[in-house]
Amino acid sequence: MEMGIISRSKILECSGKKVAIDLETTGLKFWDNKIIGMGIYCPDAEVWGYMPVENYKEIEDLKNLTRQLSPETTVIMHNAKFDCHFLRIQPRELGWTLWDTTVMVHLVDSRVRKALTNAEHIYLGSDSKRGYQEEPPRGKKNKVWEWDLDLTVKYCCNDALVTYDLAEKLYPVLEENLLLPVFVKDMFYLCDLIDVEETGFLVNIPYTHRAHDALRETESKLAEALYDSCGARFNWRSHKQLSNAIYEGLGIARPVNPFADADGVDRSKFADKGKYNSASTSTFLLMEKVKHPLGELIASLRETAKLAKTLERWATLSDENNVVHSSFNLTGTRTGRLSSSKPNLQNVPSSVRGRFTQSVYTGSMERTEEYNLRKAFISRPGKSLLAIDYKQMEMRMFGILSEDPFMLSSLYAGRDIHGDIAEAVWGTRDKVHREWSKTISFGLIYGMTLGTLMYRLNKSKYEAKKITEKYYQTFPRIQPWLLERIAQCEDYLYLRYWSGRIWREEDRDYMYRGANAQIQGGCADILSVAEIRSAKWCRKQGTDHNLLNLVHDELIFEIPDEHLVRSANKLSELMQVPDIFNIPFVTDTKIGKSYGELYPLDSEVIASEQEFSQSELEAFLLASEIASEERRVSQEKVQAQVQAQENN
DNA sequence: ATGCAATGCGCG
DNA sequence: AAAGCGCGCATTGCAT
């Protein structure tokens, strides 16, 4: 086959076949930038070429022709959300079989960089038929729309071909590794994310302007106060200049190296790598180690400046309707969580700021007015926000996976697990100790060591050991479960979640991280199933229910006011997915007009209806079975090890 | 000029 | 074992 410029009507010849497509655009903003052409590769139809488009009419023609690909077509794209956005295509509605090769790569090995050239190098290597191997031009004509047409043709045609070959190579790999159920699930998820990104989140512009001006004013006052205290003007954003001003200029003692021995010499493994920086100006060191009033001032200054900058960022990312279209990336994490960027809607400062000392809770403060940045995100007129999150989701997942008796009994009784632990360990369940428990529980489950615990708690080794022992008594399955995860990983060089997803690790030294992966990623796959079912239900309402944001254990919807309460109850029930583990993931529901001001909604129980298909459920039960067989082997192995130790 | 590492901090 | 885990982003400062 020869590549070259072809007529757009060639698209139709690919209908019902397996076809790879690749768009070239003037940028990444689908709500603003334009398509400049499409590459297509379909060996079954002997179609391989590039279709440039130069005006509105041609772009619309391209979109229409692409939409005419029949439901029997398998459409392959590398990062499908991007192309679908520009083509205004929802693959679910067209009935296509969708293969996204970035997701294929991610499921095979989440550590691999997804860039097409990298995936090609790793999975196609010398077998690659790629003809165009030069780097794209740099410098003056470095944008695709500035290239000569013949270069664009070669480049785009080859991307389409490589995408096709990558899919052909990786599909059998997914099959061999029993990853097809989770792949199919992720393609459903991806289609929903297209809608989420297109809908976007409305920004309250008057608020952002007011807040921005107020923050910048406070920032300059705080900076002046800092300069006055130091008796010098400098760039406070520079760690070098700031540490010089406070440690040298004011003669404040540098923070003590917590890892140094009594003689002050750091004999830790990484002493020479400068991991511990005595010139550090982090808030923790300034406030807790240096214990100087300037610590508070610098912390406020940094927070104020960062919030102001964040507001500016949101403004530049908004479209002409003041809506931000964040990207929710399916392939952004090792564990299977989503990541969010441009803007990141998963790290918007919350309205309650915890005060932490080395991650240990010492109280909390409200962020109000211009400091409560979540107020910038609001529902559209006539609608309300509905935020549904899971209560103690990771602890629940730990209990389910490890079958820890304390966790499970607390689960079944519907008690507050962190309060229970605080009670067991400290004899009190007040807010501070409950938060301590929360932090330490996760630490221990994820393999925190005694040394780190005493450092974090600022307790003696004896006290830290006592607390640890209490924890291990409270959760008798923490230690065995951690060992089993490592044993399983040693055997397989991967861990498999309940969903069938694989987390790979070959280095024994890092296998302890698999415990976190299995919990964190297991929760992520629960959320994805909940999202798929919820979105399906929302579409069925036909009254403009939208999903706006996904934050690891939380979905944020936008619901017409008149349907709010009923939909809230229905969606929170759907999200509990009780059929997956025969235990509901209990949810917490909040409603409001802005992300910064949400109020609890007492849930009414509505009679259960099955909203999801039997085949969907069966796919997951299959994945679960695979996972449990691999788990059983490791359990027996650890039991044998423990038995052998006890016999000694 | 451009890229990368280090630092710091927001979220779950 | 500085070995609690997973992210994105702004900024500085040095290297290429």
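Proteins come first, then strands; the chains are lettered A, B, ... in the order of their sequence lines, and each starts at number 1.
- When the nucleotides dT12(C), dG12(B), dG8(C) are ranked by their closest atom to the side chain of Asn347(A), dG8(C) comes out on top.
- Distance from the side chain of Thr333(A) is smallest to dG6(C) among dG10(B), dG6(C), dG12(B).
- One atom, CG of Leu527(A), and another, P of dC11(B), lie 19 Å apart when rounded to the nearest Å.
- Residue Thr335(A) is the one, among Lys342(A) and Thr335(A), whose nearest nucleotide of DNA chain C lies closer to the 5' end (criterion: closest heavy atom).
- Phosphate proximity of dC14(C) to Lys240(A): present, with a side-chain N or O under 4.0 Å from OP1 or OP2.
- Separating the NZ atom of Lys309(A) from the P atom of dT12(C) is a distance of 10 Å, rounded to the nearest angstrom.
- In this model, the phosphate group of dC5(C) is approached by a side-chain N or O of Arg513(A) to a distance below 4.0 Å at OP1 or OP2.
- Using modelled atom types, one finds a donor on one side chain and an acceptor on the other under 3.5 Å when comparing Ser528(A) with Lys185(A).
- Between Phe82(A) and Phe30(A), a ring centre-to-centre spacing not shorter than 6.0 Å is recorded.
- When the nucleotides dC7(C), dC11(B), dG13(C) are ranked by their closest atom to the side chain of Ser339(A), dC7(C) comes out on top.
- Taking atom OH on Tyr595(A) and atom P on dC11(B), their separation rounds to 10 Å, with Å as the unit.
- The base of dG8(C) lies outside donor-acceptor range of the side chain of Asn344(A), with no N or O pair under 3.5 Å.
- Ser340(A) and Ser326(A) are linked by a side-chain donor-acceptor pair at a separation below 3.5 angstrom, with hydrogens and angles left out of the test.
- Using a 4.0 Å heavy-atom distance criterion, Arg337(A) is classed as a base contact.
- To the nearest angstrom, C1' of dG8(B) lies 13 Å from CD of Glu303(A).
- The separation between His106(A) atom NE2 and dG6(C) atom C1' is 12 Å, rounded to whole Å.
- Tyr510(A) has no side-chain polar atom (N or O) that falls below the 4.0 Å cut-off from OP1 or OP2 of dC5(C).
- At the heavy-atom level, Arg374(A) lies under 4.0 Å from the strands shown only through sugar-phosphate atoms.
- Across dT11(C), dA10(C), dG6(C), the shortest atom-to-atom separation from the side chain of Arg313(A) is found for dA10(C).
- Here Asn235(A) lies in heavy-atom contact (under 4.0 Å) with sugar-phosphate atoms only.
- Lys306(A) comes within 4.0 angstrom of a nucleotide base, judged by non-hydrogen atoms across all strands.
- Of the listed nucleotides (dG8(B), dC14(C), dC5(C)), dG8(B) has the atom at the smallest distance from the side chain of Arg302(A).
- In this pair, Tyr492(A) and Tyr494(A) present their aromatic rings tilted. The plane angle is within the 30 to 60° band.
- The side chain of Thr283(A) places no N or O atom within less than 4.0 Å of a non-bridging phosphate oxygen (OP1 or OP2) of dG8(B).
- Side chains of Tyr497(A) and Gln520(A): a donor-acceptor N/O pair is absent below 3.5 angstrom, by distance only.
- Stem analysis of DNA chain C (Watson-Crick or G-U pairs, both distances under 3.5 Å, runs of at least three) returns B:1-12 with C:5-16.
- The backbone N or O of Met575(A) lies less than 3.5 Å from a partner atom in the side chain of Tyr390(A), making a donor-acceptor pair.
- Open room surrounds OH on Tyr510(A); 12 or fewer heavy atoms of other groups in view lie less than 6.0 Å from it.
- Separating the CG atom of Asn329(A) from the C1' atom of dG12(B) is a distance of 17 Å, rounded to the nearest angstrom.
- Closest to the side chain of Pro349(A), from the set dG13(C), dG10(B), dC5(C), is dG10(B).
- Within the structure, a side-chain polar atom (N or O) of Thr281(A) is placed less than 4.0 Å from OP1 or OP2 of dG8(B).
- For the residue pair His418(A) and Gln392(A), no side-chain donor N or O sits within less than 3.5 Å of a side-chain acceptor on the partner.
- The separation between Leu345(A) atom CG and dC9(C) atom P is 10 Å, rounded to whole Å.
- Considering only the side chain of His239(A), dG8(B) comes nearest among dG8(B), dG8(C), dG12(B).
- For the pair Leu495(A) CG and dC5(C) C1', the interatomic distance rounds to 14 Å; values are reported in whole Å.
- Aromatic ring orientation, Phe201(A) versus Tyr595(A): tilted (interplanar angle from 30° to 60°).
- For dG8(B), the OP1/OP2 oxygens have a side-chain nitrogen or oxygen of Ser280(A) closer than 4.0 Å.
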